[in-house]
Amino acid sequence: MKKTVLPSYATLWGTTHVPSIDNQGAIGSCASQAITRNQFTNAYSRHLHKLDPDSTFSPRDDKNQCFAPKFTFTLSGAGTIWVYEILKEHGCVFTDDCAFSKDERGGHRAKDKDGNLYIDTTRSPAATEGLMEQAMVNRISGFERVWFEGEPYHERLTTSEMGLALLEKIKKTILRGDCVVTGGYPSRWVYSKLDGCGNIGKVGENTVVAASGNAGGGHQVTIVGYDDEVTCTFAGVKMRGAFLIANSYGEGWMNGGLTWAMYDALNTVSAFPELNNPKLYSGRMSLTPAQGMCMFPPSLAIANQLLAFKADGSATVAGKEYTAYTIQDDASRKYLCYKKDKDDRSLYLSEENEGCRFVLLPYADIMAWDKAEAEQRKEEFEQSVWVYTADKEGGEYGFKMLDAGLGFTSSGRKVGIATHNGGKYPAAKSWELSAEPAEEFTAKLSITAGKDIESARNWVFDQFAFLNWEKDMNVGMPAYYVKATVNANDRDCFKLVLTRKEKGKAQAKTYLPAMFRYAEYHPTFCNKEKGEYLNFEGVKKGGVTTGYFAFPLDELLKLPKGKTFADFEWGIRLKKGRKGKAEMIRASLLDANKTVLAEGKGNEIVFKI
């Protein structure tokens, strides 16, 4: 049989069906961004336009016509399979019905300074009457996930027959009109730039060429196109062919919120021997603000690493006065800034100086603090400095220190802000300057640790997830479903269990809905270890409020051969968990027409039809 020759490129980006770039902010909702907002919205839009070619539905142009990542994230957490299972069972609503609050930079946020959720947008989906019932109209019937890490692929895309078949499958999926969800560790990704535009690329656009190191932080993204003809030269090697990737870090990230990923980058062992040399990914790691506020060795940095320090008064730290500095990216002249809020750990670049100053504290001074633990002192860090955020709220021992985390030797490691922590973990907080401090000076800021450690090439993506808009859409109300109303002061202190019992028999079959199966993974937005909890309205340690639930009976409707719906008794019960108040007030059994077939009250209900 003659092998089909696929087009050399295809893109979904820019079509009316694919949402524009969003910004998940500090909320770890990437799986819901990639799956719910991008992949599912695209599939639904194509399904809708097939039914009605004159439809004006356009998620590209109207963010409120995108499915809400907040809905699935709140019910499932960050796991890939968890999000798909929520879409299969519970479905989703659009963003205009269930949106995250946004900060002034356009990023999603959850809690206010008092620890309460932003009520109008970020509360639990169960807090709004009718929302979960509304979501069930738009579900999926199936999906497919392929593990790329391990058997049978072993992260070989272009260097094995299995990998090449997977590459063809991804291309065919794009050509059909479907997005593909994938994921990895962005803080490991190594970037270069396109030098050949191919069909849909632009020279100078950023592209992933490899991954290295062991930095954590799993993240899901969306493949929205491919081009076999784009090229990139990295370490003297010209690579050809790449995927077009949509991210959820805002339009300020990489190429307007997108990046390319070269096909060869997906081979953990490159097809080019030169690119497998660990020395290529190793070297002194310096802060690179314009490259995601991450650290890179000189060979892998595609943005400026030289910083401009300028004295700006003084600051008193632990009873001693030091020179305070503003810091700018020496190329863009943007200022290195941080949020003044004591619990915000992020760094970012700003056109204006937002009153953020830094102090270079000698390591010896840090270890002389009364909170320091002397046994933590390490000779190798004696010539280093700890970079202190002078104008940040909170005590001297709070979130004040620039910190590279436990992946301090990893290329692409994101730098944030951490506590003094008794002088512990100096490897993550000790920095060196490439020039002596003065009133004004320029220097690289490099992590002291790991200067001689080699960082091997690693994998870029570990999985691919597929949805078929022609086959996997499940639009319309379920044949039968249950609605329940619960009063509770803690929205995580109970579960609702669906039941089915054959008439005349004692044993009942039970089913735990997906949102409760993944309850231990979904975001609590509070510290359970400290006894904190949220009610349905998002108030920390608040009073009793009302939540409204709806569940399809699809799984329990898989009946034994020869049996019908009428042969069984159907029910629901509330199962208490951790300490807290919860009571099921009422529940109803309904059909696809929303006709109430039976009702009941109490924590355990068997519907009388």
Side-chain angles (χ1 to χ4, degrees), residues 74-77 82 85-86 88-91 124-136 139 477-522 524 528 533-536 544-560 563-592 594-609:
T74 302
L75 299 183
S76 71
W82 311 336
E85 290 295 334
I86 292 296
K88 278 184 67 176
E89 193 166 312
H90 297 281
S124 165
T128 303
E129 186 171 8
L131 197 64
M132 292 186 70
E133 185 177 23
Q134 178 183 335
M136 289 191 296
R139 295 181 291 158
M477 292 299 291
Y480 297 96
Y481 66 100
V482 173
K483 290 170 58 176
T485 304
V486 175
N487 283 351
N489 67 340
D490 178 355
R491 67 185 193 176
D492 289 313
C493 76
F494 67 93
K495 296 179 180 179
L496 295 174
V497 182
L498 302 175
T499 63
R500 182 196 79 194
K501 185 172 76 71
E502 189 171 352
K503 292 177 179 177
K505 294 190 176 180
Q507 190 169 358
K509 183 177 179 64
T510 63
Y511 182 75
L512 188 64
M515 67 169 291
F516 295 114
R517 293 201 303 276
Y518 303 121
E520 63 181 294
Y521 306 114
H522 73 215
T524 60
K528 292 189 293 184
Y533 57 86
L534 298 174
N535 63 18
F536 291 121
V544 172
T545 53
T546 303
Y548 303 89
F549 297 84
F551 311 105
L553 288 175
D554 293 8
E555 288 300 314
L556 291 179
L557 285 170
K558 297 175 181 177
L559 304 176
K563 298 295 181 181
T564 68
F565 182 81
D567 293 325
F568 295 88
E569 295 176 344
W570 305 86
I572 184 171
R573 66 170 180 255
L574 183 144
K575 183 179 179 181
K576 272 293 270 107
R578 69 188 194 194
K579 184 166 56 176
K581 299 176 182 178
E583 179 184 10
M584 185 160 62
I585 304 304
R586 57 185 173 274
S588 307
L589 175 65
L590 303 91
D591 64 15
K594 299 187 179 181
T595 301
V596 177
L597 305 178
E599 295 181 294
K601 296 181 179 181
N603 283 338
E604 186 162 359
I605 298 170
V606 177
F607 296 112
K608 305 297 182 183
I609 305 176

Q: Between I605 and M584, which heavy-atom pair has the shortest distance, and what is it?
A: CD1-CE, 3.9 Å
Q: With the side chain counted from C-beta on, respond yes when K579 and C493 share a heavy-atom pair under 4.5 Å apart, and no when they do not.
A: no
Q: Considering residues at least two apart in sequence or located in another chain, which fulfil the side-chain hydrogen bond (donor to acceptor under 3.5 Å, both in side chains) criterion with N603?
A: none
Q: Given 3.5 Å as the limit, does a donor-acceptor pair link the side chain of K509 with the main chain of E502, or not?
A: no
Q: So which heavy atom on F494 is nearest to which on V486, and how close?
A: CZ-CG1, 3.8 Å
Q: Which residues pass the side-chain hydrogen bond (donor to acceptor under 3.5 Å, both in side chains) test with T510, not counting sequence neighbours?
A: none
Q: One pair to check against side chain to side chain contact (heavy atoms under 4.5 Å, CB included): F516 and L496. What are the steps and the verdict?
A: CA-CA 7 Å; F516 295 114; L496 295 174; 3.6 Å; yes
Q: Test side chain to side chain contact (heavy atoms under 4.5 Å, CB included) on L559 and F568; report intermediate values, then the result.
A: CA-CA 10 Å; L559 304 176; F568 295 88; 3.7 Å; yes
Q: Using the test ring pair (Phe, Tyr, Trp, His ring centres under 6.0 Å), find all partners of F565 that sit at least two apart in sequence or belong to another chain.
A: Y480, W570
Q: Which atom pair, heavy atoms only, marks the closest approach of A550 to H90?
A: O-ND1, 4.1 Å
Q: Mind checking side-chain hydrogen bond (donor to acceptor under 3.5 Å, both in side chains) for Q134 and listing every partner two or more places apart, or none if nothing turns up?
A: D97
Q: Going by an N to O cut-off under 4.0 Å, is there a salt bridge joining K483 and E133?
A: yes
Q: Do F549 and M515 have side chains that approach each other closer than 4.5 Å (heavy atoms only, starting at C-beta)?
A: yes
Q: Taking side chain as C-beta onward, heavy atoms only, is Y511 less than 4.5 Å from E89?
A: yes
Q: Using 30° and 60° as the class limits, which term best fits the ring planes of Y521 and W82: parallel, tilted or perpendicular?
A: parallel
Q: Quick one: pull up OG1 in T546 and CD in E583 and give me the separation to the nearest 0.5 Å.
A: 10.5 Å
Q: Return yes when atom NZ of K581 has more than 12 non-hydrogen atoms of other residues, nucleotides or ligands closer than 6.0 Å, and no otherwise.
A: no
Q: Between T485 and I585 (side chain of the first, backbone of the second, donor and acceptor by atom type, cut-off under 3.5 Å), is there such a pair?
A: no
Q: Which heavy atom in I572 sits nearest to a heavy atom in A484, and how many Å separate them?
A: CD1-CB, 3.9 Å
Q: Atom CG of N489 and atom OG1 of T545: how far apart are they, to the nearest 0.5 Å?
A: 8.0 Å
Q: I need the minimum non-hydrogen distance between I609 and A598, along with the two atoms involved.
A: CG1-CB, 4.2 Å
Q: Quick check for you: to the nearest 0.5 Å, what is the distance between E599 atom CD and L590 atom CG?
A: 8.0 Å
Q: Looking at CG of L512 and NZ of K495, how far apart are the two atoms once the value is rounded to the nearest 0.5 Å?
A: 5.5 Å
Q: Side chain to side chain contact (heavy atoms under 4.5 Å, CB included), that's the test. Do M477 and K594 meet it? Break it down for me.
A: CA-CA 8 Å; M477 292 299 291; K594 299 187 179 181; 4.2 Å; yes
Q: Apply side chain to side chain contact (heavy atoms under 4.5 Å, CB included) to the pair L597 and F607, showing each step before the final yes or no.
A: CA-CA 8 Å; L597 305 178; F607 296 112; over 6 Å; no
Q: Not counting sequence neighbours, which residues clear ring pair (Phe, Tyr, Trp, His ring centres under 6.0 Å) with Y548? List them please.
A: none
Q: So, for G91 and R139, which heavy atoms are closest and what is the spacing to 0.1 Å?
A: CA-CG, 3.4 Å
Q: In Å and rounded to the nearest 0.5 Å, what is the CG to CD distance from L498 to E555?
A: 10.5 Å
Q: Starting at OG1 of T564, measure out to CG of L557 and round the result to the nearest 0.5 Å.
A: 11.0 Å
Q: Could you list the residues that satisfy side-chain contact (heavy atoms from CB on, under 4.5 Å) with E85, not counting sequence neighbours?
A: I81, K88, F143, R517, Y518
Q: Between the main-chain N or O of V596 and the side-chain N or O of S588, is there a donor-acceptor pair closer than 3.5 Å?
A: no
